[in-house]
Amino acid sequence: MTLAYRGRGTALAVEHKREKDLVSEADVAVERFLVEQIRQRYPQHAIFGEESGSHDGTSTRWLIDPIDGTTSFVRGQPHYSVSIAVEQAGKTTLAAVYAPALGELYLAERGRGATLNGDPIHVSSRHSLSDSVLATGFACIRRNSAYTNVPFLTRLLPQILDVRRYGSAAVDLGYVASGRLEGFWELDLKPYDVAAGFLVVEEAGGRCSDFAGGRQRRYRQVLATNGHIHDQVVAVFADVRRELAAQGLHEP
Ligand code: IPD
Ligand code: CA
Ligand code: CA
């Protein structure tokens with residue numbers, strides 16, 4: 001469905017939710033389709049979609065990002081995805097991240113592993129920051145947050161092999177799970193951006209936390225890694241968090 005809209009190029013209707021936060025007619029159409037399909041099959045389930053918000057239901061809840069990476073999508077770049085997570089009693093139990101332009105479908109079920117196009121995947125075994133490639137994003141900038149990702153990037157970049165900014169947090173997490181990245185971090189994300197990707201990473205042997213290594217803030221401060229480098233990144237970020245706190249900046 002998304003590929004059909006992608007072919008429209010400049011004919012695609014695109015609006016600004018905020019100055020740097022786009023939504024296209026494809027985002028709305030894909031979410032409407034998914035909500036209809038879920039309602040037909042599971043009318044009692046709750047749904048939270050990025051574009052249509054909450055739909056009441058039972059303790060089973062679907063979290064939908066109909067297009068994660070809308071900016072990539074509207075610009076004809078391949079790093080965008082449909083991200084769907086199913087929560088039961090507050091824990092993600094099923095995950096699907098579909099990147100149609102990349103031809104990649106990540107699936108995960110709690111306790112039963114993660115796959116890419118049907119093949120089992122596992123995080124990389126690299127242990128040193130100097131041998132690690134990490135991805136990030138800048139939602140904080142477009143939300144005009146005073147507490148931004150830039151100090152974390154400038155402190156971490158000299159210590160790692162390289163950084164990538166692809167444009168879809170869900171695909172970034174799929175890349176961590178499949179061993180193509182050692183980690184991904186970002187500030188100011190929402191549950192629908194990363195709930196599915198978190199389960200894919202964890203079922204592939206990785207670790208997901210907030211910047212302090214805990215779970216309390218892990219949507220507002222996303223850190224997902226292969227596990228081997230996690231504590232090293234937390235230590236680098238701890239210095240930055242202390243310096244920002246000393247400047248009177250309160251972390252999200
Ligand atoms: C965005 C993408 C992007 C990330 C932004 C997200 P959206 O999702 O995941 O990679 O950096 O923070 O908001 O807005 O295109 O669904
Ligand atoms: Ca998103
Ligand atoms: Ca989106």
Side-chain angles (χ1 to χ4, degrees), residues 1-3 5-6 12-35 47-54 62-85 92 95-102 104 106 133-145 147-150 152-153 156 163-177 180-181 183-201 208 210-211 217-224 252:
M1 186 175 192
T2 53
L3 283 173
Y5 277 94
R6 190 178 176 212
L12 188 70
V14 180
E15 293 179 1
H16 283 254
K17 292 193 279 192
R18 279 183 296 271
E19 183 191 355
K20 297 177 181 176
D21 193 356
L22 306 180
V23 58
S24 77
E25 62 182 295
D27 295 74
V28 174
V30 169
E31 183 163 316
R32 184 182 303 119
F33 170 78
L34 292 171
V35 170
I47 302 171
F48 188 89
E50 178 179 0
E51 309 309 342
S52 60
S54 288
W62 297 65
L63 286 171
I64 299 173
D65 189 341
I67 299 181
D68 180 59
T70 299
T71 301
S72 297
F73 176 73
V74 300
R75 291 298 183 95
Q77 300 162 4
H79 286 88
Y80 64 91
S81 58
V82 180
S83 180
I84 302 172
T92 306
V97 175
Y98 177 46
L102 299 174
E104 295 187 351
Y106 299 89
V133 179
L134 286 86
T136 190
F138 299 95
C140 52
I141 303 292
R142 80 181 187 197
R143 288 193 170 92
N144 296 317
S145 303
Y147 198 95
T148 81
N149 187 15
V150 174
F152 294 93
L153 174 65
L156 188 61
V163 71
R164 292 288 183 269
R165 194 320 184 235
Y166 290 113
S168 166
V171 173
D172 295 336
L173 292 164
Y175 277 18
V176 173
R180 286 178 274 183
L181 287 172
F184 163 71
W185 86 93
E186 186 164 357
L187 289 166
D188 288 340
L189 288 175
K190 301 292 186 192
Y192 48 73
D193 289 309
V194 295
F198 278 172
L199 185 64
V200 173
V201 169
C208 300
D210 56 30
F211 283 11
R217 300 163 174 233
R218 69 181 194 141
Y219 292 131
R220 287 169 290 172
Q221 302 173 2
V222 170
L223 176 59

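The basis for the numbers below is simple: all heavy atoms, side chains too, and nothing from hydrogens, waters or symmetry mates. We count ligands from 1, going down the list as the structure has it; atoms in each ligand are counted the same way.
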Legend entry - Option from V133, L173, V171, V163 for which side-chain contact (heavy atoms from CB on, under 4.5 Å) with L181 holds: V133

Inset, instruction - Using heavy-atom distances, let me know which of K190, E186, E50 sits nearest atom 12 (O) of ligand 1. - result: E186

Inset, instruction - Looking only at distances, please establish whether an N/O atom of ligand 1 is found under 3.5 Å from an N/O atom of T71. - result: no

Legend entry - Flag side-chain contact, heavy atom, 4.5 Å: T136 against L156: no

Inset, instruction - Please identify which atoms of ligand 1 are closer than 4.0 Å to at least one heavy atom of T70. - result: 15 (O)

Inset, instruction - Report yes if some heavy atom in the side chain of F73 is under 4.5 Å from a heavy atom in the side chain of S24; otherwise report no. - result: yes

Inset, instruction - Could you tell me whether the side chain of E186 and the main chain of Q221 form a donor-acceptor pair under 3.5 Å? - result: no

Inset, instruction - Would you mind running through ligand 1 and noting each atom that sits below 4.0 Å from a heavy atom of R165? - result: 3 (C), 4 (C), 10 (O), 11 (O)

Legend entry - Note, Y175 side chain near E104 side chain (heavy atom, < 4.5 Å): yes

Inset, instruction - Flag the pair F184 / Y166 as yes when at least one side-chain heavy-atom distance between them is below 4.5 Å, and no otherwise. - result: no

Legend entry - Ligand-residue contact atoms, ligand 1 with G167, heavy atoms, under 4.0 Å: 2 (C), 3 (C), 10 (O)

Legend entry - Residue portion contacting ligand 1 (non-hydrogen atoms closer than 4.0 Å) for H79: neither

Legend entry - N, O or S atom within D68 nearest to the Ca ion (ligand 2), by name: OD1

Inset, instruction - Decide whether an N or O pair under 3.5 Å exists between I67 and ligand 1. - result: yes

Inset, instruction - Report yes if the side chains of L153 and W185 come closer than 4.5 Å at any heavy-atom pair, otherwise no. - result: yes

Inset, instruction - Go through the side-chain N and O atoms of S83 and D68 and say whether any donor and acceptor fall under 3.5 Å apart. - result: no

Inset, instruction - Report, in ascending order of atom number, the atoms of ligand 1 lying under 4.0 Å from any heavy atom of D65. - result: 16 (O)

Legend entry - Side chains of H79 and L102 in contact at under 4.5 Å (non-hydrogen atoms): yes

Inset, instruction - Specify whether an N/O/S atom of G69 falls short of 3.0 Å from the Ca ion (ligand 3). - result: no

Legend entry - Those atoms of ligand 1 less than 4.0 Å from some heavy atom in S168: 9 (O), 10 (O)

Inset, instruction - Output yes when the distance from some N or O of ligand 1 to some N or O of G137 is under 3.5 Å, and no in every other case. - result: no

Legend entry - Closest E50 atom to the Ca ion (ligand 3) [N, O or S only]: OE1

Legend entry - Parallel, tilted or perpendicular: ring planes of F152 versus F211, cut at 30 and 60 degrees: perpendicular

Inset, instruction - Write the atom name of the N, O or S atom in D193 that is nearest the Ca ion (ligand 2). - result: OD1

Inset, instruction - For the pair E50 (side chain) and P66 (backbone), establish whether a donor and an acceptor sit closer than 3.5 Å, ignoring hydrogens and angles. - result: no

Inset, instruction - Report the part of D193 (side chain from C-beta onward, or backbone N, CA, C, O) that has a heavy atom under 4.0 Å from ligand 1; answer both or neither where that applies. - result: side chain

Inset, instruction - Flag A170 as yes when one of its N or O atoms lies below 3.5 Å from any N or O atom of ligand 1, and as no otherwise. - result: no

Legend entry - Which segment of D172 sits under 4.0 Å of ligand 1 when only heavy atoms are counted: neither

Legend entry - D65 atom (N/O/S) at minimal separation from the Ca ion (ligand 2): OD2

Inset, instruction - Mark up the atoms of ligand 1 that fall under 4.0 Å of a heavy atom belonging to G69, in ascending order. - result: 2 (C), 7 (P), 8 (O), 15 (O), 16 (O)

Legend entry - Distance filter under 4.0 Å to A169 heavy atoms, resulting ligand 1 atoms: 2 (C), 9 (O), 10 (O)

Inset, instruction - Check whether any side-chain heavy atom of R32 lies under 4.5 Å from a side-chain heavy atom of S52, and answer yes or no. - result: no

